Amino acid sequence: MIFEPMDRIVFAGDSVTDMGSAQPVGEGLFDNVGQSYVRIIENMLSTWYPEVYLRVTNSGVSGNTSRDLLQRFDSDVVALNPDWVSICIGINDVWRQFDSPAIPDGQVMPEEYEANLEKMILSVKGTVKGIFILTPYYMEPNPQDWMRKRMDEYGAICKKLAVKHGCCLVDLQEVFNRYFEYRHSSYIAWDRVHPNLIGATVIAKAFLSHCGFEYDHQPAKKETQTC
């Protein structure tokens, strides 16, 4: 596994990341980390790798666009001195173009989205062990759907920047596309955006597939100390 003892992993994003986490930064006991894929990832890492202590931090804020996240990135991500950073942003950048078409101030067009995302990457590149870019997605199998087609443009920007800056790309749109070959999107998200715990687990599984996570991992037996 790529994570080492005492590494800090900071997950930045919008409501898909947030899901009830403490604001603006959630971690530690109780439900501070929220109920999103971040919680599932922490659960799985703690279960399969009990010998590896990791600090998992949720810096997601519901409703954020890439513009919003960029404005707080220094305080809610960079200042936390992370070892690993995960960025999952862009859904609201696209969504506002469809649910609030007459309010252009709240919309983030592709050119600005690319600039915002690249600034975030550059602010931690070289100081962290790795950066994960999770593509925005729309749980609509039809690629010609208006919103899905637009979302794919933003996903393509993520792929471009991941290659350019050596980030680890997690293509969530492709992950959901494969899932929906078997089950309808309503099974995990009625609005085709906010996943239930099953959907959160799908995201967590996709993320961990890039982390050298071993499902058959068994920690070495801890030697019993005697006086």
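Quick caveat, the model's predicted, so the values are computed rather than measured.
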Candidate pair Trp48 and Asp216, rule side chain to side chain contact (heavy atoms under 4.5 Å, CB included), full reasoning: CA-CA 8 Å; Trp48 269 266; Asp216 60 352; over 6 Å; no
Output yes when a side-chain donor or acceptor of Thr127 lies under 3.5 Å from a complementary backbone atom of Val124, and no otherwise. yes
Step-by-step side chain to side chain donor-acceptor pair (under 3.5 Å) determination, Asn58 to Glu42: CA-CA 10 Å; Asn58 190 329; Glu42 182 176 41; over 6 Å; no
Please check if Val16 and Phe98 belong to a single hydrophobic cluster, counting links between Ile, Leu, Val, Met, Phe, Trp and Tyr side chain heavy atoms closer than 4.5 Å. yes
Shortest non-hydrogen pair, Met139 vs Ala189, comes out as SD-CB, 3.4 Å
Using a 3.5 Å distance criterion without hydrogens, assess whether the side chain of Ser36 forms a donor-acceptor pair with backbone atoms of Thr17. yes
Hey, are the side chains of Asp83 and Ile9 touching, using non-hydrogen atoms and a 4.5 Å cut-off? no
To the nearest 0.5 Å, how far apart are CG in Asn116 and CG in Leu69? 9.0 Å
Between Pro110 and Glu153, the two heavy atoms sitting closest are CG-OE1, 4.1 Å
Just so I know, are the side chains of Leu80 and Val25 near enough to count as touching, which here means a heavy-atom distance under 4.5 Å? yes
Counting only heavy atoms not in Gln218, do more than 12 fall under 6.0 Å of its CD? no
So CG of Asp14 and CG of Asn92: to nearest 0.5 Å the spacing works out to 5.0 Å
Restricting to non-hydrogen atoms, name the atom on Pro24 and the atom on Asp76 that form the minimum distance, rounded to 0.1 Å. CB-OD2, 3.5 Å
Which atom pair, heavy atoms only, marks the closest approach of Ser59 to Arg72? O-NH2, 2.7 Å
With no hydrogens and no angle check, do the side chains of Ser66 and Asp93 hold a donor and an acceptor under 3.5 Å apart? yes
Between Arg148 and Asp152, is there a salt bridge with N-O shorter than 4.0 Å? yes
Does a side-chain N-to-carboxylate-O contact under 4.0 Å join Lys129 and Asp7? yes
Same cluster (ILVMFWY, side-chain, under 4.5 Å), Val94 and Val61: no
Any side-chain heavy atom of Leu117 sitting closer than 4.5 Å to one from Ile87? yes
Test item: Glu140 side-chain N/O and Met147 main-chain N/O as donor-acceptor pair under 3.5 Å: no
Nearest atoms (heavy-atom pairs only) where Pro143 meets Lys149: O-CB, 3.6 Å
Are Thr65 and Asp68 linked by a side-chain donor-acceptor pair shorter than 3.5 Å? yes
Let's go through Arg96 and Ile103 carefully: what are the C-alpha distance in whole Å and the side-chain angles of both, what is the deciding distance for side chain to side chain contact (heavy atoms under 4.5 Å, CB included) to 0.1 Å, and is it a yes or a no? CA-CA 8 Å; Arg96 296 297 84 84; Ile103 308 178; over 6 Å; no
Which atom names give the shortest non-hydrogen contact between Ile121 and Leu161, and what distance separates them? CD1-CB, 4.0 Å
Aromatic plane relationship, Tyr215 with Phe213 - under 30° parallel, 30 to 60° tilted, over 60° perpendicular: perpendicular
Give a yes-or-no answer on whether the side chains of Asp31 and Gln35 include a donor-acceptor pair shorter than 3.5 Å. yes
What I'd like to find out is whether the side chain of Val170 reaches to under 4.5 Å of the side chain of Thr135, using heavy atoms alone. no
Working for side chain to side chain contact (heavy atoms under 4.5 Å, CB included), residues Tyr113 and Ile157: CA-CA 8 Å; Tyr113 175 71; Ile157 291 171; 3.9 Å; yes
With a 3.5 Å distance limit and no angle check, can you tell me whether Gln107 reaches the backbone of Ser100 through a side-chain donor-acceptor pair? yes
Indicate if Val10 and Met19 have the same hydrophobic cluster label, given that clusters are the connected sets of ILVMFWY residues with side-chain heavy-atom separations under 4.5 angstrom. no
Which distance, rounded to the nearest 0.5 Å, do you find between the CG of Asp74 and the NZ of Lys119? 11.5 Å
Just wondering, do Met6 and Arg55 contact through their side chains at under 4.5 Å, heavy atoms? no
For the pair Asn196 and Trp190, evaluate side chain to side chain contact (heavy atoms under 4.5 Å, CB included) and give the outcome as yes or no after the intermediate values. CA-CA 9 Å; Asn196 59 21; Trp190 277 106; over 6 Å; no
Decide yes or no for Arg8 and Glu27: does some side-chain heavy atom of the first lie under 4.5 Å from some side-chain heavy atom of the second? yes
ILVMFWY network linking Tyr53 to Phe3, side-chain heavy atoms under 4.5 angstrom: no
Taking Glu174 first and then Arg178, would you say they form a salt bridge - that is, a charged N and a carboxylate O separated by under 4.0 Å? yes
Output for pair (Leu134 CG, Leu172 CG), nearest 0.5 Å, gives 4.5 Å
How long is the span from the CH2 atom in Trp146 to the CE atom in Met151, to the nearest 0.5 Å? 15.5 Å
Are the ring centres of Trp95 and His194 closer than 6.0 Å? yes
From Asn177 atom CG to Tyr137 atom OH, the distance as rounded to the nearest 0.5 Å: 12.5 Å
Do the side-chain N and O atoms of Thr201 and Tyr37 include a donor-acceptor pair separated by under 3.5 angstrom? no
Under 4.5 Å between side-chain heavy atoms, hopping through other hydrophobics if needed: is there a path connecting Tyr49 to Ile2? yes
Looking at side-chain heavy atoms only, is the closest gap between Glu118 and His165 below 4.5 Å? yes
Report, one line per pair, each donor and acceptor closer than 3.5 Å where one atom sits in a side chain of residues 202-210; sequence neighbours left out.
unit_1 : atom_1 : unit_2 : atom_2 : d
Ser209 : OG     : Ala206 : O      : 2.6

Mind telling me whether Phe132 and Trp84 have parallel, tilted or perpendicular rings, with 30° and 60° as the class edges? tilted
Within a strict 4.5 Å, meaning less than it, do heavy atoms of the Phe73 and Ser123 side chains meet? yes
